[in-house]
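Since the structure comes first, as structure tokens, the remarks are kept for the end.
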Amino acid sequence: ALVAGGLVLLTLRLTRSRILALAKFEQASADLRLATEESHRLAFVADQIHNAVIITDRNDLITWCNEGFTRLCGWSKEEVIGRSPPTFMQGPGTDPNTVKAVQALVSKGGPFEFEILNYRKDGTPFWVAVTAQSQRDARGRVDGNLAILMDITERKETELRLAVQEAQMRLIFEACPAGLTLMRDQ
């Protein structure tokens, strides 16, 4: 009877342990399912936004980019994964001082912003405003960067046209031997 009672008690404890383990497994499965759904939603958003998004590792090699990047720059994901953006996006019009300043910002870590002239796969230049954030590992070391690139080519071209027009008007006014008066209708 003592052995039978011990077996019953052991069976009850094992059953209880199994029930608790199943409950923990079900909760972990539910948590994983929710995290996976959230991950899919975030990946969908990142892939569908108009702006380009890239993620680089600690060696500045691209580990991921979205469709916005391929639309903006002309390279496919397969062509850029494992490559450093400056090695294929910069060209003759890219300001070397901007490149140095960006390298200093990247080495510091943390959030940073800059504007730079880049080049598409077909060689056409385009301006981007870049907002980047350093990613850190568990020890707090910079592990890579997340960057969002926004095409500002139209804005830069407008700024250039306005600067040229202003310079032309300044030249006309400074070269004019007679006085000029600007009158507005009220």
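This one's a predicted model, so the numbers in the text were calculated from it and none came from an experiment. All values below were derived from every heavy atom in this structure, side-chain atoms included, with hydrogens, water molecules and symmetry-related copies excluded.
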Taking all non-hydrogen atoms of both residues, which atom of Pro85 and which atom of Ile54 are closest, and how far apart?
-> CG-CD1, 3.8 Å
For Thr63 and Asp57, does a side-chain donor sit closer than 3.5 Å to a side-chain acceptor?
-> no
Are Ile116 and Asp95 side-chain neighbours, meaning at least one heavy-atom pair lies under 4.5 Å?
-> no
With the threshold set at 4.0 Å, does a side-chain nitrogen-carboxylate oxygen contact exist between Asp143 and Arg58?
-> yes
With rounding to the nearest 0.5 Å, note down the distance linking CZ in Arg83 to CD1 in Ile62.
-> 8.0 Å
Residue pair Glu79 / Gly74: nearest heavy atoms and the distance that separates them | OE1-O, 4.3 Å
Determine the minimum heavy-atom distance between Phe88 and Trp75, stating which atoms define it.
-> O-CH2, 3.1 Å
Please assess Arg170 against Glu166 for the test salt bridge (Lys or Arg N to Asp or Glu O under 4.0 Å), listing each intermediate value before the final yes or no.
-> CA-CA 6 Å; Arg170 189 175 311 282; Glu166 181 183 348; 2.6 Å; yes
Ser84 side chain to Leu61 main-chain N or O, any donor-acceptor pair under 3.5 Å?
-> no
Does any N or O in the side chain of Thr70 come within less than 3.5 Å of the main-chain N or O of Ser76, such that one atom is a donor and the other an acceptor?
-> no
Side chain to side chain contact (heavy atoms under 4.5 Å, CB included) between Phe112 and Asn145, worked out = CA-CA 10 Å; Phe112 52 95; Asn145 291 290; 3.8 Å; yes
Ion pair check, Glu159 and Arg155, cut-off under 4.0 Å | yes
How many angstroms lie between atom CG of Leu149 and atom CG of Leu72, to the nearest 0.5 angstrom?
-> 6.5 Å
Distance, nearest 0.5 Å, that separates OG1 of Thr98 from CD of Gln103 | 11.0 Å
Would you indicate whether the side-chain heavy atoms of Thr56 and Trp64 approach each other to under 4.5 Å?
-> no
In terms of hydrophobic clusters joined by side-chain contacts under 4.5 Å, are Ile152 and Tyr119 together?
-> yes
Verdict with supporting geometry, Val142 and Arg136, side chain to side chain contact (heavy atoms under 4.5 Å, CB included) | CA-CA 4 Å; Val142 174; Arg136 297 191 179 272; 3.4 Å; yes
Under a 4.0 Å N-O cut-off, is there an ion pair linking Arg120 with Asp151?
-> yes
Taking it one step at a time, do Lys156 and Leu160 satisfy side chain to side chain contact (heavy atoms under 4.5 Å, CB included)?
-> CA-CA 6 Å; Lys156 287 292 199 174; Leu160 179 61; over 6 Å; no
Minimum heavy-atom separation for Ser134 to Gly109, with atom names?
-> OG-CA, 3.1 Å
So do Gln135 and Leu146 actually touch side chain to side chain, heavy atoms under 4.5 Å?
-> yes
Flag the pair Met150 / Val128 as yes when at least one side-chain heavy-atom distance between them is below 4.5 Å, and no otherwise.
-> no
Residues Cys65 and Val80: closest non-hydrogen pair is SG-CG2, 3.7 Å
So CE of Met169 and CG of Leu171: to nearest 0.5 Å the spacing works out to 10.5 Å
Beyond-backbone contact of Phe126 with Leu117, side-chain heavy atoms, under 4.5 angstrom = no
For Val53 and Phe69, work out which heavy atoms get closest and say how close.
-> O-CB, 4.2 Å
Would you call Cys73 and Met89 a side-chain contact if the rule is heavy atoms closer than 4.5 Å?
-> yes
